[in-house]
Number of protein chains: 4
Amino acid sequence: MAQRGVNKVIIVGNLGQDPETKYTASGAAITNVSIATSETWKDKQTGQAQERTEWHRVVFFNRLAEIAGEYLRKGSKVYIEGALRTRKWQDQGGQDRYTTEIVANEMQMLDSRGGSDDSMGGGYQNAPSRPAPAQAPAQQGGGAPAYGGGRPQPAPAPAAPPAPDMDSFDDDIPF
Amino acid sequence: MAQRGVNKVIIVGNLGQDPETKYTASGAAITNVSIATSETWKDKQTGQAQERTEWHRVVFFNRLAEIAGEYLRKGSKVYIEGALRTRKWQDQGGQDRYTTEIVANEMQMLDSRGGSDDSMGGGYQNAPSRPAPAQAPAQQGGGAPAYGGGRPQPAPAPAAPPAPDMDSFDDDIPF
Amino acid sequence: MAQRGVNKVIIVGNLGQDPETKYTASGAAITNVSIATSETWKDKQTGQAQERTEWHRVVFFNRLAEIAGEYLRKGSKVYIEGALRTRKWQDQGGQDRYTTEIVANEMQMLDSRGGSDDSMGGGYQNAPSRPAPAQAPAQQGGGAPAYGGGRPQPAPAPAAPPAPDMDSFDDDIPF
Amino acid sequence: MAQRGVNKVIIVGNLGQDPETKYTASGAAITNVSIATSETWKDKQTGQAQERTEWHRVVFFNRLAEIAGEYLRKGSKVYIEGALRTRKWQDQGGQDRYTTEIVANEMQMLDSRGGSDDSMGGGYQNAPSRPAPAQAPAQQGGGAPAYGGGRPQPAPAPAAPPAPDMDSFDDDIPF
DNA sequence: TTTT
DNA sequence: TTTT
């Protein structure tokens, strides 16, 4: 029992600010970040370059929240995979409000080169497919894969196959 | 010039109601739908089955909006690919409010079998990567692909490779 | 430590044949299916409708393999999420060969309506991010989510925000 | 008419070598790269760190091929979105062989910081959803978006909603 | 080998 | 408001 339908978000962008990490009473970490993606285009009439930035609220739980809080910084470039979740809350006037967030279940830091001293830059993921927020610090896998000896081997770049016959490509297609 | 970062959403779910289609002054269609995804789990203490439904606002523009408005119905199952966009608006009290939507750029209808009379069930996509909302009815592709004669052939199922040696798999790994 | 980079495939298509399930010495299931996706277009010169079908080899392990083997059939429509894996093997002449497969880690059956007797149609996923093939029948989560009492509520469709002012859309843009 | 089903690949990884660009008789660029993703884990018995690298063949056409050929280098980190395509070819012995590639339709360079002088690092995409390989240098969109004056505004990070009541989270759930 |  |  898990999922009915698919609810998946993939974001690559930069943090607008340092992450903010809080802890639940039980000690589970919750980290929030704001990530920008943008698109640019030329205005058709003026020819001016235009830009529109979209800000994404991303929330991490448990072990992933700890990693995000520790390694991400304002300006960090990250890959995030997660699910959409719209929360209801009340404003001061008691009115219902809604906020849509991305609940992250995987993260890849993408600028280890530009980082200070971190020799890593890898990817992390939370336990799968449980309705977030989960509470206790996730016991992350620990799963030892244990390939058998005669397992299917990974495939080191095979010798390149002959290129398709490019001369036979249709020539005068204007697109 | 197009995108800085990645802003991608993939949804598979069912429409909660019939689509609503409007038209701009210039005749461009805009269709809104609400799509449900859900996750289910067993309550740890009570053992009771639990369910949480997430509702996604999806907006289509132009040609895709016309197709969505014509073929989708309450209960329809669809695959949607799009981008997140948060819009600002003012409520009656003049206060700023924000609504997050998925701007669809691809749609696949997934229940042609269960449908009434629709003899289709294929996929559609809008022109790529322009800041939505776009205005005029999209001139969809028109792109004629035109493979040359000697192009690389599609690959009909190759003879199955020998299965990996399964007996050598590690046996007693408890996960 | 899990992933460096992202290796993700998403497929929606139909099975060309019934699934084939095998078992390792340790009892772990391995199911193989072949899934078709296709694209259609009009030939630019002749105006003839064209179609190209792509066949995807998909392999499931453990619990997911059992479910796939039991519920999928020739013609079934499925959503698959997985990772690419290229395996090396030797043909009869002792030559190295390579086969690329999708190792599934999530599956959604998409045609419960059209199905025969299956009263389900939900989604399933394997344990995350361990190098496949894994061995023993996966102990799937068991994870009880356990929301606290005051947890953030799911958000039932908020009152619709006012539509963007469509009359102000640019009118005569020919795309 | 476009797609039946979904055939989508998302890769984030590093180039193993410099790209190789060729041109068709008609002048269309075709660029091939090999991109590594990897997963690491600890061997359950020995406790040794293990790593498995997957190599992905990626092919770009037209304008995207030119950009990839010009800006990517051995070691470059990229985000690629594309579709799987398995090509059939004959080896010297006349035997049928199959090679699976990712036909890229979007690319994001992810290491502008580490780059030499490139002040960019943005994303690019080819025209959508036409059966590749296409022939002539793609006329990329040219689509001017042209937002009207009163268009829905982007949403600058809204004031944070109150955090969910974390103290009420269930406390002693061991997962 | 699927699907429309 | 959907779906099972």
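Letters A, B, ... are given to chains in the order of the sequence lines, protein chains preceding strands, and every chain is numbered from 1. All values reported here derive from a predicted model rather than from experimental measurement.
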Nearest to the side chain of [X] - [options]?
X	options	answer
B/K74	E/dT2, F/dT1, E/dT3	F/dT1
C/N14	E/dT2, F/dT3, F/dT1	E/dT2
B/E51	E/dT1, F/dT3, F/dT1	F/dT3
B/W55	F/dT3, E/dT1, F/dT1	F/dT1

Roughly how many Å is it from [atom1] in [X] to [atom2] in [N], rounded to a whole number?
X	N	atom1	atom2	answer
C/L110	E/dT3	CG	C1'	13 Å
B/M109	F/dT2	CE	P	21 Å
C/Q17	E/dT3	CD	P	12 Å
C/D111	E/dT3	CG	C1'	11 Å

Item checked: Side-chain-base donor-acceptor pair under 3.5 Å for B/T53 and F/dT2 ->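 By the distance-only test, yes, there is a pair.
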Next item on the list: Applying salt bridge (charged side-chain N to carboxylate O under 4.0 Å, His left out), run through D/R97 and D/D91 and close with a yes or a no.
Entry: CA-CA 7 Å; D/R97 298 293 203 93; D/D91 64 14; 3.1 Å; yes
Margin query: Run the salt bridge (charged side-chain N to carboxylate O under 4.0 Å, His left out) test against A/D96 and tell me which residues pass, sequence neighbours left out.
Written below: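 Per chain and number, A/D96 pairs via salt bridge (charged side-chain N to carboxylate O under 4.0 Å, His left out) with A/K88.
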Note to self: The criterion is side-chain hydrogen bond (donor to acceptor under 3.5 Å, both in side chains); which residues satisfy it with C/E81, sequence neighbours excluded?
What the structure shows: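 side-chain hydrogen bond (donor to acceptor under 3.5 Å, both in side chains) check on C/E81 returns A/K8, C/K8, C/Y79.
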Note to self: Set out, in order, the CA-CA distance, both residues' side-chain angles and the distance that settles side-chain contact (heavy atoms from CB on, under 4.5 Å) for C/L84 and C/I102, then state yes or no.
What the structure shows: CA-CA 5 Å; C/L84 289 171; C/I102 298 164; 4.1 Å; yes
